K.L.:
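Starting off with a structure, shown below.
Heavy atoms only: backbone and side chains are in, while hydrogens, waters and symmetry mates are out. Bear in mind that the values here come from a model prediction, so they are computed numbers and not experimental data.
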Amino acid sequence: MPNKNYKVSPVPVTLFAHLLFIAITTLILVWLLHFREGLAFTSTNKPKIFNIHPLLMVIGFLLLAGEAIMAYTTVPTSSKKHKLYHMILHFIALVAAVIGLYAVFKYHKEAGIPHMYTFHSWIGLSTIILFALQWLLSFLTFLFPGARTSTRSRVVPWHALIGIIIFFLAIVAAETGLVQKFIFLGLTRNQEGLIVNFTGLLILLFGISVGVAVLLPGRGY
């Protein structure tokens, strides 16, 4: 749980995280649309199918999950609406992750590439499974049908701890995925290489910003 001894408002940190959200989204779109030929679920140009994977995993899954974690400091509303906003954003992130997984498995199958043979794929799939389990248990505990108040009080610190661990697993998955793609594409100090590296750097800063926002006062369940 957040330490109330910190005398710093979480608002500047969350604002910085929002700016990083915009910057990362912009870099990902420029990379995939300008340098990687675009997006498609069905195409004779198989990398277009793959491109859906980083798009949804970074913007749809990672960034939205971070926004969901910061919901308690971002949205000025009631505790009940905070919970709903938090759960809805996480659900959208989960749907994006599932579609992103489908895209990469489809790409591997059509391109004749083995599935699940890298560390990135291992940690990525594990993160999504843990994320789905966390969401389901949280839904049953905090929303419908809802556990007793005493049970919720005991679960809250574990919910927050496990949630932030899963979020940072997602950060690791994103960073290893970018490094893996950088190597596979044989990138160097060119424009595309810089975009990929800066995307990784900003994702790391986004993760730190979300973590700091969790530590600062102003959150509640």
Side-chain angles (χ1 to χ4, degrees), residues 17-68 89-129 131-132 166-210:
H18 297 330
L19 292 176
L20 289 172
F21 184 112
I22 296 170
I24 293 167
T25 299
T26 301
L27 287 178
I28 285 288
L29 290 174
V30 169
W31 178 41
L32 297 177
L33 298 179
H34 179 67
F35 290 97
R36 293 289 102 207
E37 304 180 67
L39 310 160
F41 268 112
T42 302
S43 176
T44 54
N45 185 356
K46 302 308 177 186
K48 285 187 175 183
I49 300 173
F50 171 82
N51 290 345
I52 295 172
H53 177 70
L55 178 77
L56 292 180
M57 289 304 186
V58 173
I59 300 175
F61 180 54
L62 177 63
L63 296 184
L64 281 185
E67 289 291 334
L89 280 182
H90 269 142
F91 180 73
I92 295 172
L94 180 58
V95 171
V98 171
I99 299 173
L101 272 182
Y102 168 78
V104 76
F105 274 99
K106 186 175 189 291
Y107 164 71
H108 282 187
K109 181 179 179 180
E110 295 185 11
I113 299 173
H115 299 301
M116 303 298 298
Y117 70 99
T118 65
F119 175 68
H120 164 68
S121 62
W122 295 353
I123 196 168
L125 183 60
S126 299
T127 300
I128 293 169
I129 292 172
F131 187 93
I166 294 172
F167 175 70
F168 278 101
L169 283 175
I171 295 287
V172 173
E175 300 289 14
T176 54
L178 288 173
V179 171
Q180 180 178 296
K181 197 63 179 176
F182 188 101
I183 295 171
F184 285 178
L185 293 174
L187 300 180
T188 55
R189 292 182 181 177
N190 52 22
Q191 283 186 326
E192 184 176 2
L194 287 173
I195 285 177
V196 172
N197 282 340
F198 271 107
T199 300
L201 176 62
L202 295 185
I203 286 173
L204 180 60
L205 290 175
F206 180 77
I208 293 171
S209 300
V210 172

K.L.:
Using every non-hydrogen atom in the two residues, find where Lys46 and Tyr107 come nearest and quote the distance to one decimal.
P.N.:
O-CD1, 3.2 Å

K.L.:
To the nearest 0.5 Å, what is the distance between CG on Asn197 and CG on Leu202?
P.N.:
11.0 Å

K.L.:
Compare every heavy atom of Gly207 with every heavy atom of Phe167, then report the nearest pair and how far apart it is.
P.N.:
CE2-CA, 3.8 Å

K.L.:
Heavy atoms only: give me the nearest Ala132-Leu94 pair and the separation to one decimal.
P.N.:
CB-CD1, 3.9 Å

K.L.:
Taking Leu56 as the fixed residue, which of Ile99, Leu101, Val98, Leu62 is the one that meets the side chain to side chain contact (heavy atoms under 4.5 Å, CB included) rule?
P.N.:
Ile99

K.L.:
Give a yes or no on whether Gln191 atom CD has more than 12 heavy-atom contacts from other residues, nucleotides or ligands under 6.0 Å away.
P.N.:
no

K.L.:
When rounded to the nearest 0.5 angstrom, what distance separates OG1 in Thr26 from CZ in Phe21?
P.N.:
10.0 Å

K.L.:
Is there side-chain contact between Lys181 and His120, with at least one heavy-atom pair below 4.5 Å?
P.N.:
no

K.L.:
How long is the span from the CD1 atom in Ile24 to the CH2 atom in Trp31, to the nearest 0.5 Å?
P.N.:
13.5 Å

K.L.:
Taking it one step at a time, do Met116 and His108 satisfy side-chain contact (heavy atoms from CB on, under 4.5 Å)?
P.N.:
CA-CA 10 Å; Met116 303 298 298; His108 282 187; over 6 Å; no

K.L.:
Within this structure, what is the CD1-CG distance for the pair Ile28 and Asn51, rounded to the nearest 0.5 Å?
P.N.:
10.0 Å

K.L.:
What residues form a side-chain hydrogen bond (donor to acceptor under 3.5 Å, both in side chains) with Lys106, not counting sequence neighbours?
P.N.:
Glu110

K.L.:
Evaluate Leu178 against Phe182 for side-chain contact (heavy atoms from CB on, under 4.5 Å), listing each step before the verdict.
P.N.:
CA-CA 6 Å; Leu178 288 173; Phe182 188 101; over 6 Å; no

K.L.:
Would you please name every residue forming a side-chain hydrogen bond (donor to acceptor under 3.5 Å, both in side chains) with His18, sequence neighbours left out?
P.N.:
Glu67

K.L.:
Do Met57 and Val104 have side-chain heavy atoms sitting under 4.5 Å apart?
P.N.:
no

K.L.:
On a heavy-atom basis, which atom in Leu27 and which in Ile195 lie closest, and how many Å separate them?
P.N.:
O-CG2, 3.7 Å

K.L.:
Taking all non-hydrogen atoms of both residues, which atom of Ala68 and which atom of Leu89 are closest, and how far apart?
P.N.:
CB-CB, 3.6 Å

K.L.:
Does a sphere of radius 6.0 Å around CZ in Phe41 hold more than 12 heavy atoms from other residues, nucleotides or ligands, not counting ones at 6.0 Å or beyond?
P.N.:
yes

K.L.:
To the nearest 0.5 Å, what is the distance between CG (Leu55) and CD1 (Ile59)?
P.N.:
4.5 Å

K.L.:
Report yes if some heavy atom in the side chain of His53 is under 4.5 Å from a heavy atom in the side chain of Phe105; otherwise report no.
P.N.:
no

K.L.:
Over all heavy atoms of both residues, which pair between His115 and Lys109 is shortest? Give the atoms and the distance, please.
P.N.:
CE1-N, 3.8 Å

K.L.:
Suppose the criterion is salt bridge (charged side-chain N to carboxylate O under 4.0 Å, His left out): which pairs have a residue in residues 193-205, not counting sequence neighbours?
P.N.:
none

K.L.:
In terms of the angle between their ring planes, are Phe131 and Phe61 parallel, tilted or perpendicular, with boundaries placed at 30° and 60°?
P.N.:
perpendicular

K.L.:
Tell me, yes or no, whether the heavy-atom count around Tyr102 atom OH, taken from other residues, nucleotides or ligands under 6.0 Å, exceeds 12.
P.N.:
no

K.L.:
Measure the NE2-CG distance between His90 and Leu64 for me, rounded to the nearest 0.5 Å.
P.N.:
9.0 Å

K.L.:
State, yes or no, whether a side-chain contact exists between Phe91 and Val95 at a heavy-atom distance under 4.5 Å.
P.N.:
yes

